[in-house]
Amino acid sequence: MVAILKLKQKQRATMESSENPFIVAFRAPANETEDERIRRVRAFQDAQRVSRQIDESLQETKKILERRRRATRILLLGQAESGKSAVLKNFQLAFTPQQFQKERDVWRTIIQLNLISSVRTLLNLINEVDPNAQSLLTPPQTPANRLNSPLSNKLRRIHLVLSPLLSMETDFNKILFANGGSPREIRVITGNTWKSKLGFRDSATSQQESELTNAQNSIKNNLIKLLEASKDNIESLWKDKDTQRALEEREINLRDSPGFFLDDVDRIASPSYQPTDSDIVRARVRTDGVEEHHLVAETARLKGNDFYITDVSGMRSARHSWIPFFDDSQAILFLAPLMFNQMLEEDPHVNRLEDSLLLWKEICLNVLLANCNIIIFFNKMDILRRTLESGVEVRKYVPSYGDAPNDVASVTKYFKDRFKSYHRKLSPKPRTFISHETSAIDINSTTALVVTGICLLLLESV
């Protein structure tokens, strides 16, 4: 009986050896020398080590995929300038406040650059509006009668004083950002690379990547000094009656623009300035491409819950890239600013609100999103309120609104009913219509709504 058991064990070992690729590949050949045996054993040990690393990597990938499968996966959708960036920062503030604090120094520089961009916009705008205004970017080349214009003289003086600040903005963008120094806006490539160039380091960023060069440090320090020195001139430019007249003639309200900080010059131009949570949410950075954010909630209410939030470009030319992300999303957060009197930046012939409605219909109709929860934020309610209070009539831009009252409650209800109607008619199967009226830059209200919305999603997915 013992002999039979030993024979079976030998047969099993022989079978396992013949099936194991490592044993087969590293089986001892006949007439093997001692040196050959040592080399074979070492090679076998190396192969085993690599095999273990591969197994560990596969196990880690499996854990990540399983964690992602259990997580709440959210897709942020909406046209460009709809407020997705501000909403995303509200997510970060609500769920990962410690991480939010770590990035504060990065956002200080961004806010300072936003302020300078607004200054450049003002100078160029006045130059365009006033026929006697001298170009701010080239030396005087016009007849003497234009040179003696009071407005032109004033602009040349202001430009002369502020030119070092404007030049620094250009240099800063060339070194740090994706747009090669365009003064129009801060534009970066997705990921944290641009943050590391401002000295931020997280677990995925090496110390070498986050260490600033001497040139970058010098530019950051000079930016702070120049802003402080230019503070009075910036305030004078912003409050000047000719500046305000130029804005009024062009029907431009800079306060409604992303990254507006001209009302906070004294605070932001201070060397000791530290941005508030509200400042960071209001700061403007345009991101090129698709960006995914993995947040692990730190707050007691949702502690330990994973959220994967994907932010895609809202530009019309980039919307075809949304489709690959539909299949992996549990929920969509759709932003629809009720800006009935504005046109798209990339197509001035298309009304922004009508574009949001068309986009909403496509989202509701898409079969890939049939099982997706959709939360719609009627965003920028603060701008809607100011617009209506200034006397702008909805019916002038939306004839179907007719003679309904021109107040916030009535206008909001009208457009909400339109979105709700398309949601009910076009959805492949019935689902709950969840909506909130928000101002994404109001961190006190929007943060609470984000938490509430996510809790609803978690409850519905159980």
Side-chain angles (χ1 to χ4, degrees), residues 79-86 89 107 109-130 133 136-137 151 154-155 158-159 161-163 165-166 169-170 173 179 182-187 227 230-269 273 275-276 278-286 337-346 348 352-353 379-392 397 439-442:
Q79 61 192 199
E81 307 292 345
S82 60
K84 297 194 299 296
S85 174
K89 281 180 275 191
W107 288 107
T109 303
I110 296 299
I111 291 164
Q112 290 167 337
L113 290 173
N114 284 161
L115 177 59
I116 298 172
S117 294
S118 294
V119 171
R120 185 185 291 272
T121 298
L122 288 179
L123 293 172
N124 289 339
L125 179 65
I126 295 176
N127 179 65
E128 292 174 7
V129 170
D130 195 289
L136 302 178
L137 304 179
L151 181 56
K154 181 187 68 175
L155 285 176
I158 292 178
H159 179 258
V161 174
L162 296 180
S163 58
L165 195 63
L166 302 181
E169 176 206 22
T170 302
N173 286 341
N179 63 343
S182 169
R184 188 169 175 273
E185 63 182 356
I186 303 172
R187 194 165 191 158
L227 263 179
S230 306
K231 178 175 64 176
D232 292 341
N233 282 291
I234 295 174
E235 288 186 324
S236 175
L237 174 66
W238 169 233
K239 296 176 181 179
D240 187 88
K241 63 180 182 179
D242 289 323
T243 301
Q244 296 303 317
R245 176 176 59 83
L247 291 169
E248 186 177 349
E249 288 179 357
R250 288 294 182 91
E251 297 184 350
I252 295 174
N253 190 343
L254 273 186
R255 287 188 174 89
D256 294 342
S257 304
F260 173 81
F261 291 98
L262 284 169
D263 285 337
D264 305 286
V265 175
D266 189 62
R267 183 169 58 89
I268 292 172
Y273 167 65
T276 64
S278 179
D279 290 343
I280 295 174
V281 170
R282 289 160 54 204
R284 170 62 175 163
V285 175
R286 173 167 285 184
L338 298 182
M339 302 171 75
F340 60 87
N341 63 328
Q342 293 190 16
M343 301 298 177
L344 289 179
E345 180 184 344
E346 63 263 45
R352 290 196 63 179
L353 190 49
N379 197 33
K380 303 195 177 184
M381 293 297 294
D382 53 330
I383 297 179
L384 174 65
R385 185 172 291 103
R386 287 198 299 269
T387 301
L388 295 176
E389 288 175 352
S390 69
V392 178
Y397 300 88
S439 171
I441 61 173
D442 181 357

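All values below were derived from every heavy atom in this structure, side-chain atoms included, with hydrogens, water molecules and symmetry-related copies excluded. Given the structure is predicted, the values throughout are model-derived calculations rather than measurements.
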N-O pairing of Asp242 and Arg245 below 4.0 Å: yes
Glu81 with Arg284: basic N within carboxylate O range, under 4.0 Å: yes
Rounded distance (nearest 0.5 Å) linking atom [atom1] of [X] with atom [atom2] of [Y]:
{"X": "Lys84", "Y": "Gln79", "atom1": "NZ", "atom2": "CD", "answer": "8.5 Å"}
{"X": "Ser230", "Y": "Leu115", "atom1": "OG", "atom2": "CG", "answer": "9.5 Å"}
{"X": "Leu384", "Y": "Glu389", "atom1": "CG", "atom2": "CD", "answer": "9.5 Å"}
{"X": "Leu388", "Y": "Leu338", "atom1": "CG", "atom2": "CG", "answer": "9.5 Å"}
{"X": "Asp442", "Y": "Met381", "atom1": "CG", "atom2": "CE", "answer": "12.0 Å"}
{"X": "Glu235", "Y": "Asp266", "atom1": "CD", "atom2": "CG", "answer": "5.5 Å"}

Would a 4.5 Å heavy-atom cut-off, applied to side chains only, mark [X] and [Y] as touching?
{"X": "Ile158", "Y": "Asp240", "value": "no"}
{"X": "Ile252", "Y": "Thr121", "value": "no"}
{"X": "Asn253", "Y": "Leu247", "value": "no"}
{"X": "Asp382", "Y": "Arg386", "value": "yes"}
{"X": "Tyr397", "Y": "Leu353", "value": "no"}
{"X": "Ile116", "Y": "Leu227", "value": "yes"}
{"X": "Leu166", "Y": "Leu123", "value": "yes"}

Return the minimal non-hydrogen interatomic distance between [X] and [Y], and the atom names on each side.
{"X": "Met343", "Y": "Pro348", "value": "CG-O, 3.2 Å"}
{"X": "Ala440", "Y": "Val281", "value": "O-CG1, 3.3 Å"}
{"X": "Asn114", "Y": "Ala283", "value": "OD1-CA, 3.5 Å"}
{"X": "Pro275", "Y": "Trp107", "value": "CG-C, 4.4 Å"}
{"X": "Lys380", "Y": "Gly83", "value": "CE-N, 4.3 Å"}
{"X": "Ala80", "Y": "Arg352", "value": "O-NH2, 3.1 Å"}

Derivation and outcome, side-chain contact (heavy atoms from CB on, under 4.5 Å), residues Ile111 and Asp264: CA-CA 11 Å; Ile111 291 164; Asp264 305 286; over 6 Å; no
Is there a donor-acceptor pair under 3.5 Å between the side chain of [X] and the backbone N or O of [Y]?
{"X": "Arg282", "Y": "Phe260", "answer": "yes"}
{"X": "Asn379", "Y": "Ser82", "answer": "yes"}
{"X": "Lys89", "Y": "Ile280", "answer": "yes"}
{"X": "Asp279", "Y": "Thr276", "answer": "yes"}

Within 6.0 Å of CD in Gln244, more than 12 heavy atoms from elsewhere: yes
Candidate list Leu262, Val265, Val119, test side chain to side chain contact (heavy atoms under 4.5 Å, CB included), partner Trp238, passing option: Leu262
